[in-house]
Amino acid sequence: MLSEMNVIQHSKETFQKALLSDNQDLVKLYCKYTKEERLLLEEGFHPGSLGSLFQPITVHSDSDWIPAHPEERQDFESFYRDPYRKTPNASQNTIYIQTIGSFGEAGEQTDQYVEWLRQYCQAFFYGLSVKLLPAVSVAETRCSFRVNSNSHNLQILTGDLLRFLGNRKPKDAFCIVGITMIDLYPKDSWNFVFGQASLSMGMGVFSFARYDDNFYTRNYAGRLKKRLQLKQGEYSVFDGYYTPPITSTLLLRSCKTMTHEIGHMFGIKHCQWLNCVMQGSNHLEESDRRPLDFCPICLRKLQVSISFKIAERYKALLRWMEEDQRATCSPEEGSASHSAILFPKPNEAFHTYKQWLHRCLDILEKR
């Protein structure tokens, strides 16, 4: 057991090599950034110092991801040289989101929530198009399901959902991700899984069910009151099944999970350099410690894949946080929301991230 929290420290030289590499071609590529962009990225050389934009990773216990899942660190050069990583191109440049099952009781608010997720992903992966596919019920996926013997809540099988997504993946898709408010399991011997992906196929599925603050309590509303003997194919059990209320915290956790998982689709592995949205997490408390955005090394990986201007991406994320949703125009193409009823965006939980983005733009625009 870890007797105390462990701060992972790297030397400035280690960070420098991880961000720039020793390869002269990649150093030349780095030099194409503006002076202000380089200043921002090089903030990562002094993590945790007074006023620094980036913080070191703190491992709180041996149940955290890094001690539990030893992995090789991925620097920029190893990412760039990876022959298996996928990059969007002119014919495959759209991220598709497929909702599976119910996302709340109020139809209009549910549509709005999913539209917020789409808009956030479009800002986060700035330069790519993000579209929603028509929602599907659990029955339409024909997936296997069960009642979890410990938590007594319904769960659906990830492998079946991935096969379903593979059959629905549009030709212009860079990737397709399935999202659900129903808990998941990958095989009978596992208790649960937050999500599962096939990076080679450009698809993944993940659940927000355990982001309900009450999920691990005995009075969680998704616990089945009776011990049901379910038969496969009896999908009526999902009719009216409980889904978590849409809160600011749920929206933040959902945005964080989606962008982390889609980040993997680009070939970005779990981050072990700095506090970063690409850090792995074994449990909700660890996931909540992660920031919403990339460290400089992972940001460079995404930027070389999509070729955005860093300041433009940050501005798009700020617009998402600051715009009054009720004042926006009708949803863009690919949106599921066509209702005239628009709800205020619950963005209170994003306040710290919003301040951080302003500080980044202060450097990028010399404000």
According to side chain to side chain donor-acceptor pair (under 3.5 Å), who are the partners of [X], at least two apart in sequence or on a separate chain?
X: Thr158; result: Gln196
X: Thr99; result: none
X: Ser307; result: none
X: Glu234; result: none

Any residue meeting ring-ring contact (aromatic ring centres under 6.0 Å, His included) with [X], in chain and number order, not counting sequence neighbours:
X: Phe238; answer: Phe145
X: Phe294; answer: Phe124
X: Phe79; answer: none
X: Tyr211; answer: none

Using a 4.5 Å cut-off on heavy atoms from C-beta on, say whether the side chain of [Y] contacts that of [X].
X: Val277; Y: Pro291; value: no
X: Leu41; Y: Leu19; value: yes
X: Asn6; Y: Ile57; value: no

Without swapping roles, check the side chain of [X] against the backbone of [Y] for a donor-acceptor pair under 3.5 Å.
X: Asn347; Y: Met321; value: yes
X: Ser49; Y: Ser52; value: no
X: Lys345; Y: Trp320; value: yes

Among all residues two or more places apart in sequence or in another chain, which pass the salt bridge (charged side-chain N to carboxylate O under 4.0 Å, His left out) test with Asp25?
none
Under 3.5 Å, which donor-acceptor pairs link side chains of residues 177-185 to any protein atom two or more places apart or in another chain?
{"residue": "Thr180", "atom": "OG1", "partner": "Ile100", "partner atom": "O", "Å": "2.9"}
{"residue": "Thr180", "atom": "OG1", "partner": "Ile182", "partner atom": "N", "Å": "3.1"}
{"residue": "Asp183", "atom": "OD1", "partner": "Arg210", "partner atom": "NE", "Å": "2.9"}
{"residue": "Asp183", "atom": "OD2", "partner": "Asn153", "partner atom": "ND2", "Å": "3.2"}
{"residue": "Asp183", "atom": "OD2", "partner": "Gln155", "partner atom": "NE2", "Å": "3.0"}
{"residue": "Asp183", "atom": "OD2", "partner": "Arg210", "partner atom": "NE", "Å": "3.2"}
{"residue": "Asp183", "atom": "OD2", "partner": "Arg210", "partner atom": "NH2", "Å": "2.8"}

Sole candidate of His264, Arg73, Gln279 that passes side chain to side chain donor-acceptor pair (under 3.5 Å) when paired with His270
His264
Tell me whether the NZ or CZ atom of Arg38 lies within the 45° cone about the ring axis of Tyr33 and under 6.0 Å from its centre.
no
Between [Y] and [X], is there a salt bridge with N-O shorter than 4.0 Å?
X: Glu285; Y: Arg289; answer: yes
X: Arg359; Y: Glu43; answer: no
X: Arg253; Y: Asp213; answer: yes
X: Lys269; Y: Glu71; answer: no

According to the salt bridge (Lys or Arg N to Asp or Glu O under 4.0 Å) rule, which pairs have a member within residues 139-162, sequence neighbours left out?
Asp160-Arg163
Test item: side-chain donor near acceptor, Ser11 and Thr14, under 3.5 Å:
yes
Taking atom types as modelled and ignoring hydrogens, do the side chains of Asn23 and Ser21 form a donor-acceptor contact shorter than 3.5 angstrom?
no
According to the ring-ring contact (aromatic ring centres under 6.0 Å, His included) rule, which pairs have a member within residues 162-183, sequence neighbours left out?
Phe174-Phe266
